[in-house]
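Fair warning: this is a prediction, and the values are worked out from it, not measured in the lab.
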Amino acid sequence: MGLFLIRRIGVMLLTALCLTFVVFFLTNLYPNLEKLAKSQGNNRMTDAQVESWLDKRGHLDLLPVQYGRWLGVAPGWVTVDADAGTATGRCWRGAVTLAEVESQRRFCGIIQGDWGRSTVFQDDVGPIIATRLGLTGKLMFWVMLLMVPGALLVGVAAGMREGSKADRTLSTFSITTTATPEYVSGVIFIAIFASTAGGLRWFKGTATAAMDNATFENFLLPVVTIALYGMGYIARMTRASMAEVMIAQYIRTARLKGVSFGMIVIRHALRNALIAPFTVIMLQFPWLLNGVVIVETLFNYKGFGWALVQAAGNNDIELLLGVSVVSVFVVLITQLISDIGYVYLNPRISVS
Amino acid sequence: MQELTWTGSLGVILNPILIILAAAFAILIVARLALSLVPGAAPRDVVAAEGPGGIVGIADSGIRWSGIGLIAVAVAYLAVGALMEREAGIIGAMSNRFIPVWVALAALFAVSIATKRRTGLYGKLFDSTIGMIGFGLVMFWVFAGVFGAFDLIQTHDPLAQVSGMKNKVPGTPLSRAGDGGYPHYLLGGDNLARDVFSRMVTGAWIVVQIAPLATVFAFMVGITLGLPAGYHGGRLDTVLTFVANLILAFPVILLFYLLVTPEIVETGIPNYMATVLFVFPLVFACVLLNSRYHTRPAFRTWLLIGVLGSMGWVYLSLISDKGTKVSVWPEALDLFDVPGGILVVFVSVVFVNAPTVFRIVRGLTLDIKTRDYVAAGQTRGEGTWYIMLWEILPNARGPLIVDFCLRIGYTTILLGTLGFFGLGLPPESPDWGSTINEGRKLLTIYLHPALPPAFALLSLVLGLNLLADGLREESLRD
């Protein structure tokens, strides 16, 4: 198990490095940098001015060097202003003297906890991501609370009597939810429950207020919208797994012993049937991330997904990088948990 | 000109029937659910399912008959409506516009059911109700898209703005009609006073074109790489699997935001990606034909020259566009130009889908390569590509066809996502995602611009999922 873990974590770190490098490469392409220079400096800069602006901030160095700086394994850039005798640098606040810069080489990258500065929010990226993640965490907590038990319940109820009417009805329901992406179900929900034009007006069509004070009225629609799309898929997996378990030998034995149907489902079938859904739930995280971005945009809930859209839409390179790092790690860690959990739950699988 | 109601004069007769039937249906379903919770009332075992008597039986047959009644009323709305046109309100008028689609659907189903014993898996689809419903939904939108491309269904130009029609509710008559144009906006006008109905139909054509084609390309890439990875294993497999996992670990929306921006398009990266990704169908066709016919060199050579020549021409026309980074093919020979936005969308959708297909194909290959017929092929001394493409691939077709249907649905969702975030496609594009995105901004005040494309997308993806389900069921049956 130890070796397996080490290898998995090693692969995970390698994947994370590759992915962040790809993101770094794509966000630091020259047209993006040019746009950054013009938005930060002056919109009417000439090409030469843009180049010098970028050069001063170390954006024109070799890509691996820049990546190393951002990561924190290479010393941050320092630009010396020979006339004034001062220097500016990535790791220095404001202008400092030459002597100071020369006396020590400072590293400041994400390893040191310095995530850079957001140009949209005019704030450090670290705190922004922390706040936004907190808000999304709140959303995800309720989504999970609704989605996982709901999906398992639907799946188990459908799978325990395969082919029955209940199975047909519930399966149709799960197929329909998997066919309804968040931007469709969200729009339909708002139209039914929140619109002033003929709608029921039970809930609010925007969740902005839910950031400080989440109530049933303003938070239910976004939660249900995300939960529904993921629910169908997990329910279908649970159903398949449950149906497979219900025709196993030991279930037949229990039946012949005269154990009641409810008892068989709860005591004998459920535990074995829940191994597969566990991995599926964990692997749902990347999809949920999609849902989060869509729903936060649709309901104007200013969480992590909203920050992603803002960063990408406004060419906020450092924030976008930070957001990517977090989302890539979320995906990779859930994959790792899913692998470990699968091995742990299923005694028939050995890792060696 | 009068404003249209939803059901017009047809509604006078049918609406009360519909309400009664729907109420009966709902009440009976609730009653049936309540009964099944009472112990002893419901059949405890599957064995006893051949006709439970008593109160449960009455409820069951009630549900069945009221359900059939509901469907009959719905069909009546559409069929009678199609004949009565605008007399039968908005639904009738829409049904009338869709007449070419109804005719095509009826013809297709009639021919398919008549020949279902002779058409293999496709024919078996018509043994499954779920599969038929799914196929019907999918073909409805396919025909709507195709006929829409010939302008047979739209009532107005999807881009034309008519003064005074901004955000008007469904069924509003045009203020200055009479010059031969259609006198109503059937599903109302959107925020820019364009006809919602015509935009929805035109949007179908965009989806029906891009989604299946992108899925085909993703399958070509996935199959061409997945077969050798699974068959040979070793270092090739390790590297390819790592790359596939790398792409899969990327949150899709982030990837879209990184790839589908004007700045990235300016650098030419999507064009280079297109150059690489679109070469896979050529490689696939080349290897497929060569491995089969290499024993007959004369025939093989001419076949390859013909096939690769025409495919290569299409390939070069596809990737090469004047004014982009990849402009290698002379304009005179360029068959068609793909608008830059569409190409980027296409490339990113293929890029996102290909790794999943790769994983599925690799898994299937790992399973199938242990079979006896593969060993027989190896003993005969067949080439590895022959074994992969002519022995393993045909035997993996069942799961692949099912996944193909599901994946078209997923691609449709992805296209909608791109439109929803306003990425790639031009802003006035009538595709469903963009229309939903436009409509959602005023959603709490005006419902009608956002809902039709939302339901259209929902029904198409639902149809594809049901079709996949039906296919899976029927292919498992034998």
Side-chain angles (χ1 to χ4, degrees), chain A residues 11 14-16 18-19 22-23 26-27 29-32 34-35 161 163-166 171-172 175-176 178-181 183-188 190-191 194-199 205-206 261 286-287 289-290 293-294 297-298 305 308-309 311-313 315 320 323-324 327-328 330-332 335, chain B residues 32 36 44-46 49 60 130 169 242-243 245-246 248-254 256-259 261-267 269 409 412-414 416-417 419-422 432-433 436-437 439-440 443-448 450-451 453-455 457-466 469:
Chain A
V11 171
L14 186 63
T15 313
C18 290
L19 283 179
V22 170
V23 178
L26 286 174
T27 46
L29 284 168
Y30 192 73
N32 283 332
E34 193 180 340
K35 207 165 133 194
R161 284 200 189 90
S164 66
K165 272 201 189 109
S171 294
T172 313
I175 291 185
T176 314
T178 47
T180 320
Y183 51 89
V184 169
S185 53
V187 160
I188 293 175
I190 293 180
S195 91
T196 49
T206 155
F261 188 74
W287 306 94
L289 209 64
N290 268 350
V293 179
I294 293 171
T297 310
L298 187 60
L308 191 157
V309 174
N315 194 37
L320 191 56
V323 168
S324 324
S327 44
V328 162
V330 166
V331 171
L332 292 177
Q335 278 179 1
Chain B
R32 178 67 179 76
S36 67
R44 286 185 62 85
D45 253 6
V46 192
D60 275 353
I130 295 276
V169 294
F242 181 75
V243 173
N245 286 341
L246 211 62
L248 284 176
F250 232 118
V252 176
I253 290 202
L254 185 64
F256 283 162
Y257 260 114
L258 290 176
L259 278 182
T261 55
E263 285 79 31
I264 304 271
V265 176
E266 203 181 303
T267 62
I269 289 180
T412 310
I413 292 181
L414 283 184
T417 313
F420 182 78
F421 286 109
W432 294 338
I436 295 175
N437 182 33
R440 80 180 164 91
L443 193 59
T444 44
I445 318 168
Y446 303 110
L447 300 178
H448 58 272
L451 283 183
F455 279 115
L457 198 143
L458 169 59
S459 60
L460 175 61
V461 180
L462 181 64
L464 284 161
N465 283 13
L466 292 177
D469 222 44

Q: For chain B, find which of A:Leu308, A:Asn315, A:Val328, A:Thr27 contributes the most heavy-atom pairs closer than 4.5 angstrom.
A: A:Leu308
Q: Under 4.5 Å heavy-atom distance to chain B, tell me which part of A:Val22 shows up: side chain, backbone, both or neither.
A: side chain
Q: Check the pair B:Phe420 / A:Ile294 against side-chain contact (heavy atoms from CB on, under 4.5 Å), numbers first and verdict last.
A: CA-CA 8 Å; B:Phe420 182 78; A:Ile294 293 171; 3.8 Å; yes
(Q) Rounded at 0.5 Å granularity, tell me how far CD1 in B:Ile269 sits from CG in A:Leu26. (A) 5.5 Å
Q) By a 4.5 Å heavy-atom criterion (distance strictly below it), what part of A:Thr206 contacts chain B: side chain, backbone, both, or neither? A) neither
Q. Checking B:Leu464 against chain A: side chain, backbone, both or neither under 4.5 Å from a heavy atom?
A. neither
**Q.** Greatest number of heavy atom pairs closer than 4.5 Å to chain A - which of B:Leu466, B:Asn437, B:Asn465, B:Leu460
**A.** B:Asn465
Q) Most heavy-atom pairs under 4.5 angstrom with chain B, which of A:Thr180, A:Thr178, A:Val331, A:Val187? A) A:Val187
Q. Highest number of heavy-atom pairs under 4.5 Å with chain A: which of B:Val461, B:Ile413, B:Leu259?
A. B:Ile413
Q. Where is the tightest heavy-atom contact between B:Gly416 and A:Tyr183, given as atom of each residue plus distance?
A. CA-OH, 3.1 Å
Q: State, to 0.1 Å, how close B:Leu246 and A:Cys18 come at their nearest heavy-atom pair, and which atoms those are.
A: CD1-CB, 3.7 Å
Q. Who among A:Thr297, A:Leu332, A:Thr172, A:Leu320 has the most heavy-atom pairs with chain B under 4.5 Å?
A. A:Thr297
Q. For A:Leu289, is it the side chain, the backbone, both or neither that has a heavy atom under 4.5 Å from a heavy atom of chain B?
A. side chain
Q) From B:Leu258 CG over to A:Ser324 OG, what is the distance, rounded to the nearest 0.5 angstrom? A) 6.0 Å
Q: Can you see which heavy atom on A:Ala191 is nearest to which on B:Leu443, and at what distance?
A: N-CD2, 4.5 Å
Q.
Ignoring hydrogens, what is the shortest heavy-atom contact between A:Thr176 and B:Leu462? Give both atom names and the distance.
A. CA-CD1, 3.7 Å
Q) In Å, rounded to the nearest 0.5 Å, how long is the span from CD1 of A:Ile188 to CZ of B:Phe455? A) 4.0 Å
Q. With chain A, which of B:Ile130, B:Ile264, B:Asn245 has the greatest number of heavy-atom pairs at distances under 4.5 Å?
A. B:Ile264
Q: Using a cut-off of under 4.5 Å on heavy-atom pairs, state which of B:Leu248, B:Val169, B:Thr417, B:Val252 scores highest against chain A.
A: B:Thr417
Q: Heavy-atom distances under 4.5 Å only: say whether A:Leu29 touches chain B with side chain, backbone, both or neither.
A: side chain
